[in-house]
Amino acid sequence: LLERHTPAKREFFQAEIKQGLEKIPEVKGVPEILESLIRLEKKKNLDFEDARFLLSLKSEVRAAGRQKQTIRQIQEKILDFSAFVREEKSLPLRETFVRLSLQFEKNYERAKRERRALDFDDLQIGTIRLLGSDRPVSQGLRKIYQEKFREILVDEFQDTDRLQNRLIELIQKDTNLFIVGDLKQSIYSFRGARVENFIEKEKAFSSKEEGERISLVQNYRARPALIDFVNRFFETVWREDALPFELLEARREEEGKNPRVARLRLEKAKDETLDEIRMREARTLAEHIRGLVENEGFDYRSIACLFQGM
């Protein structure tokens, strides 16, 4: 699965970049970049330092007007060349990692056999093999479990993986599956979750041939003003999305003071450190909250803060 690149591929990248630069020899920085590429051509092997150097070249060439598109294409080719160099140099490390992974898997499987143990994936795979074959014993077991569960409810269905989806299909009957989920909340793809499971079921149920789709858009938790803000914000953010945002319906009655949503945004100064901007952010937030409490009669307990990733 790991491919060793040939010198021809390196020469291809270099030639592409040079041809692009030779079209705009009058642009500032181009002669120097051409000289740098010639020096790289003379090196038999490129390393990670050369990859970093290529990235630095990307910002050295700028232009406006008709040359802008050409410059952008050259910058993209330089990025590709840098990535190619890093990939080529990291190949031995990747090969070592693959060997270690395969050896680990072999040792892990042996250790489980010695202990007569199964892990979570084994339980799923074994169950699917047991229930999913065409053998009479599998067909019998499948029928037992299909009759055993009168109704099947699966929550957070957008975070199911292929194995879990297959297991659900094996034990369900035609009309006893109820799933709950929201594809916008799918966060476990790094663990094998497949949001397509939910999308496929949603489409099938929407046609009413296999079931019924029920939109749970009624919200009984948040104030109407907050729901209004959420609707306006996400309707804009996801306007071009293939599956657009469904507007929520506020079902909670207003109470107390009118809620307010304030968006505080700070721009990082040129010479400001991360710690300094965090302190400035904290002071700005504290002053704003104190103003709400002292001047406008809000309670501290009624104020919530939402932060972008720290």
Indicate if Leu153 and Ile179 have the same hydrophobic cluster label, given that clusters are the connected sets of ILVMFWY residues with side-chain heavy-atom separations under 4.5 angstrom.
no
Does Phe205 reach the side chain of Ile214, with side-chain heavy atoms less than 4.5 Å apart?
no
dist Ser133:OG -> Ile128:CD1 (nearest 0.5 Å) comes out at 12.5 Å
Distance, nearest 0.5 Å, that separates CZ of Arg113 from OH of Tyr108:
12.5 Å
Asp174, CG: over 12 other non-hydrogen atoms inside 6.0 angstrom
no
Between Arg194 and Glu200, does any side-chain N to carboxylate O distance fall below 4.0 Å?
yes
Heavy-atom donor-acceptor pair, Asn176 side chain to Phe149 backbone, under 3.5 Å
yes
Distance-only criterion, 3.5 Å: show the donor-acceptor pairs between side-chain atoms of residues 186-193 and protein atoms not counting sequence neighbours.
none

Minimum heavy-atom distance between Pro224 and Arg252, given as atom pair plus value
CG-O, 3.3 Å
Over all atoms of both residues, closest heavy-atom pair of Leu274 and Ile277
O-CG2, 3.1 Å
Counting N and O atoms only, with roles assigned by atom type, does the side chain of Gln124 sit under 3.5 Å from a partner on the main chain of Asp121, one being a donor and the other an acceptor?
no
Within the 4.5 Å heavy-atom criterion, are Glu105 and Leu102 side-chain neighbours or not?
yes
Non-hydrogen atoms of Lys112 and Asp122 that approach each other most closely
NZ-OD2, 2.5 Å
With a 4.5 Å heavy-atom cut-off, do Glu281 and Thr284 have their side chains touching?
no
Dump the intermediate steps for side-chain contact (heavy atoms from CB on, under 4.5 Å) on Phe178 and Ile152, then the final yes or no.
CA-CA 6 Å; Phe178 187 94; Ile152 299 174; over 6 Å; no
Ion pair Arg162/Glu169, N-O distance below 4.0 Å:
no
What are the two closest heavy atoms between Leu183 and Glu202, and how far apart are they?
CD2-OE1, 4.0 Å
In this structure, CG of Asp275 is separated from CZ of Arg278 (nearest 0.5 Å) by 9.0 Å
Taking side chain as C-beta onward, heavy atoms only, is Val154 less than 4.5 Å from Leu177?
yes
Check the pair Lys184 / Phe234 against side-chain contact (heavy atoms from CB on, under 4.5 Å), numbers first and verdict last.
CA-CA 11 Å; Lys184 303 293 188 188; Phe234 285 107; over 6 Å; no
To the nearest 0.5 Å, how far apart are CG in Asn219 and CD1 in Ile227?
3.5 Å
Before accepting this row, confirm whether a basic side-chain N of the pair Glu272/Arg280 lies closer than 4.0 Å to the acidic partner's carboxylate O.
yes
What's the spacing between Leu118 CG and Ile125 CD1 if we round to 0.5 Å?
10.0 Å
Tell me if a side-chain donor or acceptor on Ser302 pairs with a main-chain N or O of Phe298 at a distance below 3.5 Å.
no
Between Leu123 and Leu163, is there shared hydrophobic-cluster membership here, with clusters defined by ILVMFWY side-chain heavy atoms closer than 4.5 Å?
no
Would you mind telling me which of Ile171, Leu130, Thr127 makes a side chain to side chain contact (heavy atoms under 4.5 Å, CB included) with Leu141?
Leu130
Closest heavy-atom pair and its distance - Leu226, Ala222
CD2-CB, 3.9 Å
Between the side chains of Arg290 and Glu287, is the shortest nitrogen-to-carboxylate-oxygen separation below 4.0 Å, so that they form an ion pair?
no
Taking all non-hydrogen atoms of both residues, which atom of Gln146 and which atom of Leu170 are closest, and how far apart?
NE2-O, 3.1 Å
Interatomic distance, CD1@Ile289 vs CG@Leu285, rounded to 0.5 Å, equals 4.0 Å
Verify the cluster assignment for Phe233 and Leu247: are they in a single hydrophobic cluster under the rule of side-chain heavy atoms below 4.5 Å apart?
yes
So if you build clusters from Ile, Leu, Val, Met, Phe, Trp, Tyr with side-chain heavy-atom gaps below 4.5 Å, do Phe245 and Val237 land together?
yes
Quick check: are there more than 12 heavy atoms from other residues, nucleotides or ligands sitting under 6.0 Å from NZ of Lys143?
no
Check the pair Glu276 / Lys268 against side-chain contact (heavy atoms from CB on, under 4.5 Å), numbers first and verdict last.
CA-CA 9 Å; Glu276 289 171 340; Lys268 184 177 181 294; over 6 Å; no
Please say which of Asp161, Asp159, Thr160 ends up in a side-chain hydrogen bond (donor to acceptor under 3.5 Å, both in side chains) with Asn197.
Thr160
Within the 3.5 Å criterion, strictly below it, is a donor on Gln158 or Glu156 matched to an acceptor on the partner's side chain?
yes
Salt bridge check, Glu249 against Arg251: does any charged N sit closer than 4.0 Å to a carboxylate O?
yes
Could you see if Leu264 belongs to whatever hydrophobic cluster contains Ile303? Use Ile, Leu, Val, Met, Phe, Trp, Tyr and a side-chain cutoff under 4.5 Å.
yes
